[in-house]
Amino acid sequence: MTAIDAFPLIPRDHLFGNPTRSQGKISPDGKWLSGLAPEGGVMNVWLAPRDDQSAAKVITHSEDRPIPQYLWAPDGKSILYIQDKGGDENYLLYRVDIETLAETTLTPFENTRVDVVGSSVAIKDKILIGLNNRDPQFHDVHLLDLNTGDLTLVLENDSYAGFMADDTLTLRMAMRQNEAGGTDYFRITDNVVEDEPFETTAMEDALTTSPAGYTTDGSVLYWLDSRDRNTAALFAQDTQTGERTLIAEDDKADIGGTIRNRQTGVVEAYSVNYLKSEWTALEPDLKASLDWLGEQLEGEYGISSRTDDNQTWIVWNDPLTASTATYIYDRKAETLTPFYKTRPELEGAPLQPMHPVEIESRDGLTLPSYLTLPAGSDREASGRSDAPVPMVLMVHGGPWARDSYGFSSIHQMLANRGYAVLSVNFRGSTGFGKDFLNAANKQWGLAMHDDLIDAVEWAIAEGIADKDKVAIMGGSYGGYATLAGLTFTPDTFACGVDIVGPSNLETLLSTIPPYWAPMVKIFHERMGNPDTEEGLALLKAASPLYKADKIVKPLLIAQGANDPRVKQAESDQIVGAMKEAGIPVTYVLYPDEGHGFAKPSNNIAFFAIAENFLAECIGGRAEPLGDVLEPSTAEIVEGASHVQGLAA
């Protein structure tokens with residue numbers, strides 16, 4: 001009996017099924033509580049009086065796809081939510097009236113994606129939205145009356161990637177990529193965009209510099225800005241004089257989120273997330289509240305909703321080794337009232353701590369990373385396993401995104417099955433300054449991949465990973481990294497799990513969603529320009545498709561048929577190339593999903609297949625498949641015989 005066998009298997013559906021509740025919020029006037037909860041197995045919005053949660057009622061009626069996100073209208077008269085079809089990411093905006101519970105489609109268009117451009121604390125019954133129903137590439141700005149549904153065109157857009165408004169819902173700024181791959185920022189006067197930009201960034205600053213909103217009186221524009229420095233600092237710019245004042249900076253990480261005064265829009269606190277998230281308050285009352293919460297709560301915490309008077313907050317708390325809990329915080333009374341636990345079924349489960357670690361790359365970069373160890377493998381609680389264990393390298397998507405500290409269903413499932421799990425912020429990950437980000441330019445399959453290999457070698461050298469039992473797994477860019485791992489470094493990994501990963505970077509760039517077109521230069525500058533001979537050669541050299549015959553280890557591929565970012569052809573191509581070369585592959589297709597799997601039945605089915613695949617490859621344990629595929633739409637296109645129990 002191994003150490004892990006002394007611990008019970010955590011059921012898959014406890015980790016990947018519907019949460020009991022999520023996205024808890026409070027109405028602007030503090031009278032109502034809301035959230036998402038399953039109704040008929042589908043996550044829908046519910047509503048309850050603040051003083052009587054037992055009177056909660058479901059107010060939306062999605063029967064197929066979970067509602068991904070909702071918010072309170074500023075006037076508190078309605079709840080707004082977005083929904084797409086089959087994972088196509090064409091999100092429309094819907095409204096539910098709080099009094100009558102009548103539901104309205106506010107953007108009744110086909111093949112349209114809505115963006116919220118601006119809302120206001122003064123004008124509570126209207127918001128500004130962007131709609132690409134006229135031209136799929138560009139979002140025209142409209143003023144939407146939330147209570148009548150009236151749409152008024154404010155600005156027809158022929159070239160801009162985004163807009164910013166002030167608290168009067170007046171457009172103040174437009175953004176557009178420049179020829180160098182940076183961003184130009186233009187003032188807007190009377191809904192006319194000026195010809196010349198008032199601010200501009202080079203390509204190297206484009207992902208680390210952005211405007212962060214106006215104060216409500218419009219006198220100050222905040223910036224997160226990396227120009228003439230490495231990490232993005234928080235600046236306040238006088239909109240009349242252009243004078244800039246430094247508010248906050250950190251030498252290891254970019255300034256992340258801010259907490260703004262509800263009425264004035266003035267920044268009162270900011271966060272920095274290097275290995276863990278840390279808040280710094282600039283205003284005494286806010287500091288007192290954050291300090292008090294820090295004393296009451298173990299692990300990570302944050303604010304998810306506030307009343308207009310700022311006296312009641314909805315606060316989440318992630319203790320990492322227990323279910324995330326959400327509370328109603330009365331600032332004046334200094335009370336935390338339990339609201340709900342997201343996954344109460346995990347109470348008492350053998351959840352494992354996540355260890356932040358720093359790994360050095362071969363060329364001297366520090367890679368902020370996160371390690372979770374199997375239960376029973378670290379008896380001294382040292383953050384290192386007592387003996388080498390099988391390991392899964394879990395690679396994040398983006399690649400211009402990051403892994404963070406906190407509860408992870410994937411980490412917990414894999415650790416419970418007997419694996420160490422390592423998530424690495426490789427070069428190109430965001431939040432660690434522009435030097436770290438730009439070290440990845442045109443390095444897909446090159447230095448970006450070297451970072452992942454260096455992390456594996458670190459784990460082997462530290463006695464954590466069994467070098468013959470390391471799997472690579474990830475979604476989107478992480479799926480690409482999986483394919484790169486099995487083609488470019490075929491002897492490093494024992495197997496791979498690719499979730500919606502691109503196999504051919506040339507076809508990936510030629511099939512991006514139309515509304516990404518205003519930002520396409522960033523892909524060309526950071527990956528390679530397919531319109532140039534040099535760029536095309538770079539993209540082809542970094543494409544696993546052309547090296548599919550090098551794959552010698554088992555591979556599991558999962559794809560959503562409606563994925564607008566990484567089209568189904570990306571998976572079809574490499575599966576076809578492997579079949580042609582006589583190389584076995586398991587390919588799972590979801591006809592009703594997009595870039596990832598939103599339906600719990602599909603998510604559970606995927607992780608059931610993945611854990612049984614990994615068990616066969618690197619020897620961990622697995623919950624048997626059972627009848628997990630029956631409620632799922634999963635189609636096993638190829639290779640059912642390569643996963644234990646799947647052919648049956």
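- Taking 4.5 Å as the limit, every side-chain heavy atom of Ile328 sits out of range of all side-chain heavy atoms of Leu336.
- Remark: Arg187 is positioned above the aromatic ring of Phe198, its terminal NZ or CZ atom under 6.0 angstrom from the ring centre and at most 45 degrees off the axis.
- In this structure, the ring of His411 has its center no less than 6.0 angstrom from the ring center of Tyr370.
- Aromatic rings from Tyr477 and Phe426 are positioned such that their centres are separated by under 6.0 Å.
- Screening Leu106, Thr105, Thr104 for a side chain to side chain contact (heavy atoms under 4.5 Å, CB included) involving Pro108 leaves a single residue, Thr105.
- Taken from NZ in Lys85 to CZ in Arg65, the straight-line distance is 12.0 Å, to the nearest 0.5 Å.
- Of the possible polar contacts, one joining the Gln263 side chain to the Asp308 backbone as a donor-acceptor pair under 3.5 Å is found.
- Proximity of a side-chain donor or acceptor of Asn425 to a complementary backbone N or O of Asp403 within less than 3.5 Å is detected.
- Donor-acceptor pairing under 3.5 Å is lacking for the side chains of Thr60 and Ser62.
- Between the side chains of Thr152 and His142, no donor-acceptor pair of N or O atoms lies under 3.5 Å.
- The two residues Leu146 and Leu80 make their nearest non-hydrogen contact at CD2-CD1, 3.8 Å.
- Of the charged side-chain nitrogens involved, at least one lies within less than 4.0 Å of a carboxylate oxygen, so that Asp166 and Arg172 count as a salt-bridged pair.
- For the atom pair CG (Leu144) and CD1 (Ile129), the distance works out to 5.0 Å, reported to the nearest 0.5 Å.
- From Asp140, atom CG reaches atom CD of Glu156 across 5.0 Å, with rounding to the nearest 0.5 Å.
- In this structure Trp279 satisfies the ring-ring contact (aromatic ring centres under 6.0 Å, His included) test with no other residue, sequence neighbours excluded.
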Requested in this report: Let me see the working for Asn441 and Arg526 under side chain to side chain donor-acceptor pair (under 3.5 Å), right down to the final yes or no.
Outcome: CA-CA 4 Å; Asn441 292 344; Arg526 294 182 185 274; 3.0 Å; yes

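- Defined by atom type and a distance below 3.5 Å, a donor-acceptor pair is present between the side-chain atoms of Arg95 and Asn147.
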Report task. Show your working on side chain to side chain contact (heavy atoms under 4.5 Å, CB included) between Thr215 and Asn261 and close with a plain yes or no. Result -> CA-CA 9 Å; Thr215 53; Asn261 184 286; over 6 Å; no

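- Between Pro319 and Thr324, the shortest heavy-atom contact is CD-CA, 4.2 Å.
- Annotation: cation-pi geometry not satisfied between Lys252 and Phe432 (NZ/CZ under 6.0 angstrom from ring centroid, within 45° of ring axis).
- When only modelled atom types and interatomic distance are considered, Glu358 and Tyr274 share a side-chain donor-acceptor pair under 3.5 Å.
- Side-chain contact, Asn157 with Asn132: no donor N or O sits under 3.5 Å from an acceptor N or O.
- Side-chain atoms of Tyr340 come within 3.5 Å of backbone N or O of Gly24 as a donor-acceptor pair.
- A donor and an acceptor atom, one from each side chain of Asp97 and Ser78, are nowhere located under 3.5 Å apart.
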Requested in this report: Go through the steps for Arg306 and Ile259 under the test side chain to side chain contact (heavy atoms under 4.5 Å, CB included), then give the verdict.
Outcome: CA-CA 11 Å; Arg306 297 186 284 168; Ile259 299 174; 3.6 Å; yes

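- There is no side-chain donor-acceptor pair under 3.5 Å between Arg343 and Ser323.
- Side-chain contact annotation: Ser34 with Trp72, donor-acceptor N/O pair under 3.5 Å present.
- Of all the heavy atoms in Asp250 and Thr231, the pair that sits closest is O-OG1, 2.6 Å.
- A donor-acceptor pair under 3.5 Å is formed between the side chain of Thr241 and the backbone N or O of Glu243.
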Query - Verdict with supporting geometry, Asp330 and Lys332, side chain to side chain contact (heavy atoms under 4.5 Å, CB included) - result: CA-CA 6 Å; Asp330 185 317; Lys332 189 174 181 181; 3.7 Å; yes

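- In summary, Glu99 and Lys77 do not engage in a salt bridge, as defined by a charged side-chain N under 4.0 Å from a carboxylate O.
- Arg260 contributes a side-chain N or O that, together with a main-chain N or O of Gly265, makes up a donor-acceptor pair within less than 3.5 Å.
- Side-chain polar atoms of Ser476 and His595 form a donor-acceptor pair below 3.5 angstrom.
- The OG atom of Ser210 sits 5.0 Å away from the CG atom of Leu224 when rounded to the nearest 0.5 Å.
- Judged by the 6.0 Å distance and 45° axis criteria, Arg402 is not positioned over the aromatic ring of Trp400.
- For the side-chain contact (heavy atoms from CB on, under 4.5 Å) test, residues two or more places apart in sequence or in another chain that qualify with Glu39 are Asn44, Val58.
- Atom CD of residue Glu204 and atom OG1 of residue Thr209 lie 9.0 Å apart, to the nearest 0.5 angstrom.
- Between Ile522 and Ala206 the shortest heavy-atom distance is CD1-CB, 4.2 Å.
- In this structure, Trp313 has its ring center at least 6.0 angstrom away from the ring center of Tyr327.
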Query raised in the report: Passes side chain to side chain donor-acceptor pair (under 3.5 Å), Glu103 versus Tyr81? Steps please.
Result: CA-CA 11 Å; Glu103 186 167 324; Tyr81 73 90; 2.4 Å; yes

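- In this model, no donor atom of one side chain and acceptor atom of the other lie less than 3.5 Å apart for Asn438 and Arg427.
- Rounding to the nearest 0.5 Å places OG of Ser219 at 7.0 Å from CG of Asp238.
- Taking a cutoff of 4.0 Å between a charged side-chain nitrogen and a carboxylate oxygen, Lys287 and Glu268 do not qualify as a salt bridge.
- Around atom CG of Asp52, more than 12 heavy atoms belonging to other residues, nucleotides or ligands sit under 6.0 Å away.
- For the residue pair Tyr70 / Gln83, no side-chain donor-acceptor distance below 3.5 Å is found, with atom types taken as modelled.
- With hydrogens and angles disregarded, no donor-acceptor distance shorter than 3.5 Å links the side chain of Thr201 to the backbone of Asp205.
- Arg229 and Asp254 are not joined by a salt bridge, as no carboxylate oxygen comes within less than 4.0 angstrom of a charged side-chain nitrogen.
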Requested in this report: Show your reasoning for whether side chain to side chain contact (heavy atoms under 4.5 Å, CB included) applies to Thr183 and Asn178.
Outcome: CA-CA 6 Å; Thr183 308; Asn178 55 42; 5.6 Å; no

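- Seen from the ring of Trp292, Arg331 does not count as a face-on cation partner, given the 6.0 Å and 45° thresholds.
- Nearest approach of Leu169 to Leu128, heavy atoms of both residues: O-CD1, 3.5 Å.
- The two atoms that bring Tyr214 and Met164 nearest to each other are CE1-CG, 3.8 Å, heavy atoms only.
- With sequence neighbours left out, the side chain to side chain donor-acceptor pair (under 3.5 Å) criterion links Arg244 to Asp225.
- Between Trp316 and Phe339, a ring centre-to-centre spacing not shorter than 6.0 Å is recorded.
- Between the side chain of Asp125 and the backbone N or O of Asp75 there is no donor-acceptor pair closer than 3.5 Å.
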